[in-house]
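The structure appears below as structure tokens.
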Amino acid sequence: MYSLNCLEYPIAFGAIASLGGVSTTANPSYTASELVYQLNDAGAKYLLTVPELLERGLEAASQSKVESVFVFGNAAGAIPFYLLLEHCDSVPKVQINPKEDAVALPYSSDTTGLPKGVTLTHL
């Protein structure tokens, strides 16, 4: 998730977690190259962003293994986040081991070197 603070942010985070996915949150001040590093290091398949950051997000996604780019609201070049709710009659049941399964992979800048991902479980 490469986004400014917005109402949809915690909704998306909770939805990803409830489906067994792992969110990595990227600093909205990142340049495209910094975002490329994190997307590749995290093995991200999807990018969720806001219209204000979409240009950088699309540039970074094109240099990574990101399969689809979603956007809160509407913007050319990305799939609107709200479309994920269409044709969704039920939520899949996912088995999660709260002690072992990751829910988030935030990145932290160290005093030296590149940012490092820190795996957080559901507990």
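All values derive from a computational prediction rather than experimental measurement.
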### Task
Provide the full list of side chain to side chain donor-acceptor pair (under 3.5 Å) pairs with a residue in residues 11-30, sequence neighbours left out, each pair given once.
Thr24-Gln38, Asn27-Ser29
### Query
Quick one: do Tyr46 and Met1 end up in the same hydrophobic cluster if we chain Ile, Leu, Val, Met, Phe, Trp and Tyr together by side-chain heavy atoms under 4.5 Å apart?
yes
### Minimum heavy-atom distance between Ala75 and Leu54, given as atom pair plus value
CB-CD2, 3.4 Å
### Query
How close do Ser68 and Ile79 get, heavy atom to heavy atom, and via which atoms?
CB-CD1, 4.2 Å
### Query
For Thr31, does its backbone N or O pair with a side-chain atom of Glu34 as donor and acceptor, under 3.5 Å?
yes
### Query
Roughly how far, to the nearest 0.5 Å, is the OH atom of Tyr107 from the CG atom of Asp41?
3.5 Å
### Shared hydrophobic cluster, Val94 / Leu84 (ILVMFWY, side-chain heavy atoms < 4.5 Å)
no
### Message
I'd like to know whether CD of Gln63 has more than 12 heavy-atom contacts from other residues, nucleotides or ligands below 6.0 angstrom.
### Response
yes
### Message
Please give me the minimum heavy-atom distance between Lys99 and Leu123, naming the atom from each residue.
### Response
CG-CD1, 3.3 Å
### Query
What distance do Glu52 atom CD and Leu4 atom CG have between them, rounded to the nearest 0.5 Å?
5.5 Å
### Query
Considering residues at least two apart in sequence or located in another chain, which fulfil the side-chain contact (heavy atoms from CB on, under 4.5 Å) criterion with Val66?
Leu39, Ala44, Leu47, Ala61, Ser64, Val69
### Task
I would like to know whether Asp101 and His122 meet side-chain contact (heavy atoms from CB on, under 4.5 Å); could you show each step before the answer?
CA-CA 7 Å; Asp101 292 341; His122 289 258; 4.1 Å; yes
### Message
I need the full list of side chain to side chain donor-acceptor pair (under 3.5 Å) pairs touching residues 7-16, with sequence neighbours left out, sorted by first then second residue.
### Response
none
### Message
Run the side-chain contact (heavy atoms from CB on, under 4.5 Å) test on Phe70 and Leu83 for me, step by step, so that the C-alpha distance in whole Å, both residues' side-chain angles and the decisive distance to 0.1 Å come before the verdict.
### Response
CA-CA 9 Å; Phe70 298 90; Leu83 288 180; over 6 Å; no
### Message
Show the nearest heavy-atom pair for residues Ala104 and Phe13, with the distance to one decimal.
### Response
CB-CZ, 3.9 Å
#### Entry: Side chain Lys45, main chain Gly43, donor-acceptor under 3.5 Å
no
### Task
Could you pull out the closest heavy-atom pair between Ser3 and Val50, with the gap in Å?
OG-CG1, 3.1 Å
### Task
Indicate, with yes or no, if Val36 and Leu58 share a hydrophobic cluster defined by side-chain heavy-atom contacts under 4.5 Å among Ile, Leu, Val, Met, Phe, Trp and Tyr.
no
### Message
Side chains of Pro106 and Leu120, heavy atoms from C-beta outward: is any pair under 4.5 Å?
### Response
yes
#### Entry: For the student: nearest non-hydrogen atoms of Ala32 and Ala60, plus distance
O-CB, 3.6 Å
### Task
Measure the spacing between OH of Tyr2 and CG of Leu35 and express it to the nearest 0.5 Å.
5.5 Å
### Atom pair CZ (Phe72) and OG1 (Thr49), whose distance is rounded to the nearest 0.5 Å
8.5 Å
### Task
Can you establish whether the number of heavy atoms outside Asn5 located under 6.0 Å from its atom CG is more than 12?
no
